Amino acid sequence: MIKSISCAALVFTVTVLSQSLAADGPYLGNGIKSGEPTSDTITLWTRLTAQPDFKSDGIPWSQESPKKTGEDYVFATPQIPEGHTIDDMAYALPGATGQVRLNYWPEETSNFSVTTEWETVTAESDFTHHFQLSGLLPNTRYKCIVDARVPGSNIPSDQLRATFRTAPAPDVAAAVEFVVVTGQEFWRRDDDVNGHKIYPVMAGLDPNFFVHTGDIVYFDKAGPWSVTKAQARHKWHRMYALPYQRAFHNQISSYFLRDDHDTWQNDCWPTMQNKKMGEFTYKEGEDIFFEQVPGPDRTLPYRTVRWGKDLQIWLVEGRDFRSENDLADGPDKTIWGEKQKAWFKETVAASDATFRILLSPTPIVGPDRENKSDNHANKAFAHEGKELREFMAAQKNMIVICGDRHWQYATVDPETGLHEYCSGPTSDKHAGGFSQELREPMHKYLNVIGGFLSCTAERRDDNPVLVLRHYNVAGDIVNEDVLTVSALSQQ
């Protein structure tokens with residue numbers, strides 16, 4: 001369920017909430033995520049659960065993938081043993097019916113507080129709720145409290161505190177730092193108990209926001225291989241019940257992009273025909289994404305957001321509008337679709353931000369491997385890739401930050417001079433698919449490791465600079481680029 005809330009011109013006293021909680025739930029086992037921040041709006045997400053944490057002693061999941069038998073894909077043994085349900089399996093976190101409400105206020109002005117009405121969550125939306133807030137103050141850190149209860153009860157059954165931050169107004173030259181990740185898989189986490197180690201490291205930087213460029217979960221990886229909608233949802237539940245992920249998202253606002261593995265299956269497109277995913281469909285994977293993250297608006301999944309005078313970001317949709325990967329390349333073959341592409345060119349040309357950054361689920365520059373055919377760095381989409389690289393290179397101070405690749409890199413396109421950066425995957429276990437032997441002159445940095453990327457727009461002696469840093473999973477800076485306006489103008 002989604003409800004819009006405005007705090008414009010509302011003044012209240014901060015609500016004093018009971019610290020005595022009911023014992024039997026519902027709980028807020030998936031924490032709070034805030035997303036899609038602008039200078040005056042944001043969306044807050046939460047989910048009611050039957051347990052405070054996922055099931056740590058459930059039936060272990062098989063690590064078996066389906067095998068093709070005739071026209072179908074089958075498992076040698078059932079993924080869920082006969083007589084059991086998904087709620088009996090390891091890391092299960094079933095939802096629960098109940099009600100949620102939100103109380104929020106600017107961190108420095110606690111007498112400006114808004115408390116929403118109680119809202120009921122249901123199984124239809126997987127017991128999730130999206131609070132859409134408007135009328136917020138720009139460049140402001142807010143505090144908030146989410147309460148859960150059994151309908152009609154006067155005592156909250158669970159309560160969580162969180163923070164979120166809005167963007168500076170477009171005319172304010174504020175320093176802004178954000179962090180970027182890609183490729184996050186449950187079984188390749190590097191802390192079995194807590195999750196992925198980069199999350200507390202990123203939180204320690206106190207970034208203004210976070211971007212996940214896609215492959216947030218992997219539907220087409222065993223344990224379970226998602227052949228039903230329930231199994232696909234389970235992968236979201238357990239990922240965001242991990243302590244590191246929960247703690248991070250309780251304090252850092254996010255933008256989520258979607259790629260192939262968190263939509264349906266590897267290198268997929270909307271009309272793809274494949275029985276590998278059982279009864280689970282592309283459309284269901286798309287629906288689950290919008291259900292499980294705080295935004296974006298699914299009617300307009302591509303968007304641009306201004307972060308002060310010096311930074312504007314573009315976040316694009318790379319699955320829903322694409323042609324079949326295996327079509328012959330040419331001017332009509334597309335990943336973005338004509339409408340999105342026209343919007344992108346128009347809004348980029350209209351921007352007066354000092355630095356402009358495209359955040360893409362897949363590479364635009366590369367290089368990639370010869371056997372791939374899913375992105376703009378591949379021969380399969382060479383025509384549109386060239387068109388986009390030439391357009392962005394002709395703009396002032398524009399770069400690309402992409403996801404999808406399982407290695408870190410910084411490259412400069414030899415034909416146009418366009419810069420591209422990739423964060424690498426979320427753990428070293430997840431790194432691979434490339435090597436130093438494949439390094440080309442266009443690589444300014446290449447490292448087949450996990451980690452993340454940070455990007456900071458700031459002023460040094462009143463001169464705008466863009467600082468990009470690759471971090472390894474331990475939090476060490478392993479590469480740093482400082483891009484000036486004069487340097488980018490030469491691309």
Side-chain angles (χ1 to χ4, degrees), residues 54 56 58 60-65 79 89-91 179-204 210-226 231-232 234-249 256-262 265-267 361-363 368-369 371-372 374 402-409 421-439 445-454 469-479:
F54 55 39
S56 59
W61 286 101
S62 166
Q63 295 300 316
E64 176 193 353
S65 300
Q79 294 198 97
M89 304 302 290
Y91 305 108
V179 290
V180 183
V181 305
T182 194
Q184 171 181 262
E185 209 248 326
F186 186 80
W187 298 113
R188 287 184 276 192
R189 64 195 188 278
D190 42 15
D191 184 317
D192 288 344
V193 174
N194 294 301
H196 295 77
K197 293 178 180 179
I198 63 170
Y199 278 93
V201 175
M202 292 188 296
F210 162 86
V211 180
H212 203 308
T213 57
D215 294 339
I216 305 163
V217 296
Y218 280 71
F219 293 144
D220 57 340
K221 294 293 182 183
W225 187 285
S226 300
Q231 291 172 3
H234 165 82
K235 290 197 166 184
W236 284 91
H237 301 163
R238 69 187 185 187
M239 183 66 75
Y240 289 102
L242 289 166
Y244 281 162
Q245 272 84 334
R246 273 191 52 172
F248 179 85
H249 286 288
F256 287 93
L257 296 172
R258 175 167 51 94
D259 200 18
D260 48 353
H261 299 286
D262 46 8
Q265 60 179 299
N266 187 49
D267 293 356
T362 53
D368 199 4
R369 294 154 292 177
N371 64 336
K372 299 299 291 182
D374 194 54
C402 75
D404 193 39
R405 302 299 76 185
H406 296 192
W407 59 94
Q408 295 185 341
Y409 67 79
Y421 295 82
C422 186
S423 65
T426 52
S427 69
D428 286 336
K429 293 179 183 179
H430 205 139
F434 214 74
S435 68
Q436 291 294 334
E437 287 71 30
L438 295 173
R439 184 165 188 157
Y445 165 71
L446 173 63
N447 209 345
V448 186
I449 61 170
F452 66 95
L453 179 75
S454 78
R469 299 182 178 98
H470 285 94
Y471 288 80
N472 64 18
V473 294
D476 303 315
I477 298 172
V478 290
N479 179 61

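Quick note: residue numbers are just sequence positions, from 1. As a basis for the values below, the full set of heavy atoms in this structure was taken, side chains included, without hydrogen atoms, waters or symmetry mates. Remember, it's a predicted structure, so these values are computed and weren't measured experimentally.
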_Using the side-chain hydrogen bond (donor to acceptor under 3.5 Å, both in side chains) criterion, which residues pair with His212? Sequence neighbours excluded._
none
*Heavy atoms only: give me the nearest Ala90-Pro60 pair and the separation to one decimal.*
CB-CA, 4.2 Å
*Using the six-membered ring wherever Trp is involved, compare the ring planes of Phe210 and Tyr199 and label them parallel, tilted or perpendicular (cut-offs 30° and 60°).*
tilted
*side-chain hydrogen bond (donor to acceptor under 3.5 Å, both in side chains) partners of Ser226, counting only residues at least two apart*: none
*Compare all side-chain heavy atoms of Val181 with those of His196 and state whether any distance is below 4.5 angstrom.*
no
*Residues two or more places apart in sequence or in another chain: which of them pass salt bridge (Lys or Arg N to Asp or Glu O under 4.0 Å) with Lys197?*
none
*asked:* Could you check, using the six-membered ring where one of them is a Trp, whether His430 and Tyr218 have ring centers closer than 6.0 angstrom?
replied: yes
*Sequence neighbours excluded, which residues qualify as salt bridge (Lys or Arg N to Asp or Glu O under 4.0 Å) partners of Arg188?*
Glu185
_Contacts of Ser435 that satisfy side chain to side chain contact (heavy atoms under 4.5 Å, CB included) - sequence neighbours left out_ = Glu437, Leu438
_Gap separating the CG atom of Asn479 from the CG atom of Leu453, nearest 0.5 angstrom_ = 9.0 Å
*Which atom pair, heavy atoms only, marks the closest approach of Phe219 to Lys235?*
O-NZ, 3.6 Å
*Return the set of residues passing salt bridge (Lys or Arg N to Asp or Glu O under 4.0 Å) with Asp220 (not counting sequence neighbours), or none when no residue passes.*
none
_Could you work out, with side chain to side chain contact (heavy atoms under 4.5 Å, CB included) as the rule, every residue matching Asn194, not counting sequence neighbours?_
Asp191, Pro243, Tyr244
_Looking at Lys372 and Asp267, is there a salt bridge between them, counting it only when a charged N and a carboxylate O are closer than 4.0 Å?_
yes
*Among all residues two or more places apart in sequence or in another chain, which pass the side chain to side chain contact (heavy atoms under 4.5 Å, CB included) test with Asp476?*
Asn472, Ala474
*asked:* Is any side-chain heavy atom of Asp259 closer than 4.5 Å to one of Thr213?
replied: no
*Decide yes or no for Tyr91 and His237: does some side-chain heavy atom of the first lie under 4.5 Å from some side-chain heavy atom of the second?*
no
*asked:* Going by side-chain hydrogen bond (donor to acceptor under 3.5 Å, both in side chains), name the residues that satisfy it together with His406, two or more places apart in sequence or in a different chain.
replied: none
_By side-chain hydrogen bond (donor to acceptor under 3.5 Å, both in side chains) - contacts of Trp407 (at least two apart)_ = none
*Indicate yes or no: at least one non-hydrogen side-chain atom of Leu446 is less than 4.5 angstrom from one of Gln436.*
yes
*Contacts of type salt bridge (Lys or Arg N to Asp or Glu O under 4.0 Å), residue Arg238, not counting sequence neighbours*: none
_Restricting to side chain to side chain contact (heavy atoms under 4.5 Å, CB included), what partner residues turn up for Ser62, sequence neighbours left out?_
Glu64
*Could Arg189 and Phe186 be counted as a cation-pi pair, given that NZ or CZ must be under 6.0 Å from the ring centre and within 45° of the axis?*
yes
*Contact check, side chains of Trp187 and Lys221, non-hydrogen atoms, under 4.5 Å*: no
_Rounded distance (nearest 0.5 Å) linking atom CD1 of Ile198 with atom CD of Gln184_ = 7.5 Å
